[in-house]
Amino acid sequence: MEQNEGRTRAPIEHAQSPAAIPEAEHPDYLAGRMSDADDASGPVDTRGFTPVPDGPLPDPLPGPFPLPVPEPRLPLPGPFPGPIVPLPAFCMAVSGRYRHVQPTLSTPLPTPIPGPARPVPVTPFNLLRITVRVDVDRFFPQNRISIEVSRIFPASSAHAIAEVTSDKCTAMNRRTVTANIVYRDGNAALIPGTTVTFTARRTTGLGYGAYELTLSGGGITPRKYMLAFQSRYFDSVEFEVDRVDNAGTIVTAYDTGSHPTRPATLPAETLSLASIFQRAGFDVSMSPNTTVIPTSGAGANGTWSDTEMHNAMVTYWSRFANKPQWALWVLYAARHDQGQSLGGVMFDDIGPNHRQGTALFTDSFIQNAPPGDANPAAWRNRMQFWTAVHEMGHAFNLAHSWQKALGTPQGAPGDPWIPLANEPEARSFMNYPYNVSGGQAAFFGDFAFRFSDDELVFMRHAPRRFVQMGNSNWFENHGFEAPDPLRHSGNWRLSVRPNRAENSYRFLEPVTMEMKLENTSGSPVLVEADLLADGRHVTVFVQREGGALRQWRPMITRCHEPHADRLESGAAIYGAQMISTSTDGWLIDEPGFYKVQVAIDMGAEIVVSNVLRLYVAPPVSAEEGAVAADYFTEDVARVMAFAGAPQLSSAEDVLRRVVKTCATNPAALHAEVALTNPQLRDFKVLEDGKGGKGLVIRAQAAKVDQAAKAQVAALLKEPQKAADTVGHIPYFAQLRTVAEMMEADGNEKGALDLMKRTVEVMKQRKILASVIDNAERRIKRRG
Amino acid sequence: MPDEEDDDGGLHRVEFHFQEGFTGQSFEILVAGKLRASVTARTRFQTGLAHIEPVMLRDGEEVIIRQKDTGAQRKVHLHPGRPFVTLTLVNGALKIDALDQTPGYL
Ligand SMILES: [Zn+2]
């Protein structure tokens with residue numbers, strides 16, 4: 001025994017610990033599905049044959065099948081070459097949990113020449129998290145497919161359960177399961193259609209290589225989702241078993257052959273708490289942190305109240321947290337305050353997060369084997385084991401078998417999650433053995449150490465918040481709840497902000513957002529430094545209040561060799577994007593309030609930013625209103641985004657009009673920069689060649705001096721106003737470009753002067769010291 | 001123990017187990033016409049039990065359970081050797097039984 005932070009740790013004694021029968025040899029285990037070529041219906045007993053998806057391959061390989069092969073149909077093969085009798089197809093088990101994955105996409109190619117870039121495909125953002133649970137084989141199949149969808153932004157979620165109508169194995173490891181949706185929860189639009197089709201098929205190897213989910217029916221265009229196999233279990237759960245020091249030897253396993261009152265068909269094996277819930281569909285891990293709790297925790301009377309147990313849970317359970325989690329604390333204690341009549345209780349209907357703790361009382365009526373019982377010791381072991389599973393079942397929000405239909409009243413919390421019938425005679429862990437007809441002997445004489453079908457459907461397929469410990473309150477299965485928040489690792493903080501004091505913009509003014517991604521993991525990480533700047537990794541959602549949600553896609557993306565830079569803990573990378581225009585036109589083109597949120601796929605998780613609310617003012621002059629119809633066009637959007645596109649001359653005419661008639665509007669400054677930017681360098685455009693020559697490339701000669709003057713005037717005449725509207729990052733980048741072009745054009749003095757003025761503005765704007773340092777170093781190098 | 005006789009000639013402990021179907025109803029236990037106990041019962045689903053009320057009774061004393069909100073009352077038939085009285089509320093009506101062993105709750 002060792003002392004550790006006030007906790008006494010000692011191994012929990014187990015009455016027995018041998019293993020359960022291997023599943024492949026277990027009569028209740030369905031290892032897959034077999035069919036011949038022309039009849040694919042009906043599950044086939046394939047015990048002892050096959051492993052799981054992604055598991056070890058069958059050895060020996062399938063065929064000849066150690067299974068009853070259906071009788072070939074007439075005509076029988078005669079002396080003459082007759083019809084070939086097809087070998088039966090076998091399909092391995094597919095039950096388990098799957099996740100939607102995006103197909104791999106090609107990366108955009110770099111634009112070959114500097115000049116008018118074309119919109120390039122961007123990585124579509126995975127907005128939907130889809131989890132699919134397929135339940136057609138392995139232990140106690142319920143012939144259901146359930147689908148869980150959560151959309152990241154705007155946050156919404158949906159859940160659907162479908163009943164299997166057909167399950168076909170058409171060739172080796174080519175399986176199609178079809179099901180009809182019978183239950184929905186949440187935002188139904190996220191799971192359209194009425195029919196669910198799940199396919200699993202072999203690709204290159206012997207096992208399954210590709211999985212797909214199709215939603216169809218109800219008049220929708222079928223939608224297909226590529227899936228990846230995640231687990232043969234539907235969810236993972238951790239149990240921690242602690243005991244009070246006076247609870248005696250506790251029973252956490254039971255030898256099903258040890259008591260003579262049992263079904264003749266019940267295989268003799270040793271079941272554990274873990275194996276019971278594994279067969280119910282959960283990936284069970286047993287916490288190694290088992291604790292022996294001193295009796296003093298029960299207070300002066302030595303028996304336990306629910307509150308004392310709750311306090312003990314908070315103190316001794318290594319995983320305790322006031323939040324939903326797939327984890328459960330099981331306490332073995334001697335006696336409850338109620339006395340011997342309480343054999344066990346899911347005591348945790350206290351506090352904000354219910355159903356996290358259960359207890360079992362070793363000094364209670366569950367020790368009282370009936371007089372004359374053939375094996376009282378085995379009876380006691382069985383009853384203690386059974387009670388532990390029963391209480392744990394309550395933690396999964398299972399009601400007693402005779403309470404299934406109970407509502408208080410209909411439609412209120414406390415109603416069953418779906419209409420259910422009472423099962424007073426059920427041979428389930430959730431029934432009282434001594435309350436069935438014939439009493440406990442009749443119960444255990446026909447008990448297969450499993451939950452009922454309705455209970456398994458609930459545990460495996462109900463909306464997870466109904467089932468997960470610490471989530472829905474005990475006995476409350478109904479009622480709308482907000483969608484589950486996205487899981488955040490806390491490793492990143494993403495923020496979006498304008499680089500100015502107020503989030504309000506003039507009509508016509510392009511809106512630029514700064515993004516900051518901070519490493520909050522506590523340790524250095526490798527990250528692509530251009531992640532926020534290159535336009536390929538960031539997704540921005542823009543929604544005008546009262547309008548539809550739209551997704552921003554950059555009109556310009558920058559390609560570079562992927563390179564990871566070290567980012568210290570607490571350090572951040574930055575980027576800016578003009579979000580008014582997207583590949584499909586203007587996103588911000590009307591006065592009003594808008595909401596903006598940024599998301600970035602970091603691989604392991606999707607990190608989302610704060611939601612920024614911004615205001616776009618109505619036109620302040622007749623001219624602003626008048627130019628709007630010509631301004632908010634795709635061509636103008638391109639000229640603005642690419643900072644110039646001389647071939648779009650009518651769009652340039654519109655911008656000249658803005659410069660002239662809306663001079664006080666910051667849009668005029670953007671227009672000036674866009675119009676003169678192409679003249680900073682030789683600019684190639686495609687033009688119709690004269691005399692039937694087709695398209696020809698024409699180079700426009702740079703007019704650096706003239707363009708630089710215009711740019712400097714626009715950017716530095718009122719630098720505060722200009723930096724406000726352009727945004728720090730693009731503003732200083734543009735000034736640097738102008739200086740470099742002047743220098744390349746031979747105007748070294750002009751360039752140096754511009755660099756110095758730039759640093760002045762940087763200092764006034766109090767931007768990052770490192771950026772100012774770099775700029776000053778560039779000046780020093782020039783002399 | 002509940003079924004043990006007290007020294008004080010014929011005094012028995014009887015337990016009234018309010019089990020399923022209670023959602024906050026109040027009851028009075030009247031012994032020989034006098035109020036002996038008041039119980040507000042709300043079933044705890046995970047055990048199927050609302051409340052256990054122990055009452056000491058003498059041989060032959062009449063016990064009446066009265067539901068306060070409706071005024072409905074029922075006489076309890078006590079059996080020697082069955083000191084565990086179970087009460088359930090089914091469609092608004094009390095169902096009363098007596099058992100020889102303590103009911104177990106899980
Ligand atoms: Zn129970």
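Chain naming here is simple, since letters A, B, ... match the order of the sequence lines and numbering starts at 1 in each.
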Chain B contact via A/Leu360 - side chain, backbone, both or neither, heavy atoms under 4.5 Å: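 Contact with chain B is absent: no heavy atom of A/Leu360 under 4.5 Å.
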
Which atoms of A/Tyr434 approach chain B - backbone, side chain, both or neither, heavy atom under 4.5 Å: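 For A/Tyr434, the contact with chain B is made by the side chain alone.
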
Nearest atoms (heavy-atom pairs only) where [X] meets [Y]:
X: A/His400; Y: B/Gln46; answer: CE1-O, 3.0 Å
X: B/Pro103; Y: A/Ser341; answer: O-CB, 3.4 Å
X: A/Gly344; Y: B/Thr47; answer: O-CG2, 4.4 Å

Within 6.0 Å of CD in B/Gln101, more than 12 heavy atoms from elsewhere: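 Not buried by this count: 12 neighbours or fewer within 6.0 Å.
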
Let me confirm one number: the [atom1]-[atom2] distance from [X] to [Y], rounded to the nearest 0.5 Å.
X: B/Tyr105; Y: A/Phe365; atom1: OH; atom2: CZ; value: 9.5 Å
X: A/Leu342; Y: B/Thr102; atom1: CG; atom2: OG1; value: 10.0 Å
X: B/Glu20; Y: A/Gln403; atom1: CD; atom2: CD; value: 4.5 Å
X: B/Arg44; Y: A/Met346; atom1: CZ; atom2: CE; value: 7.5 Å

Part of B/Leu106 lying under 4.5 Å from any heavy atom of chain A: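 Its backbone and side chain both get close to chain A.
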
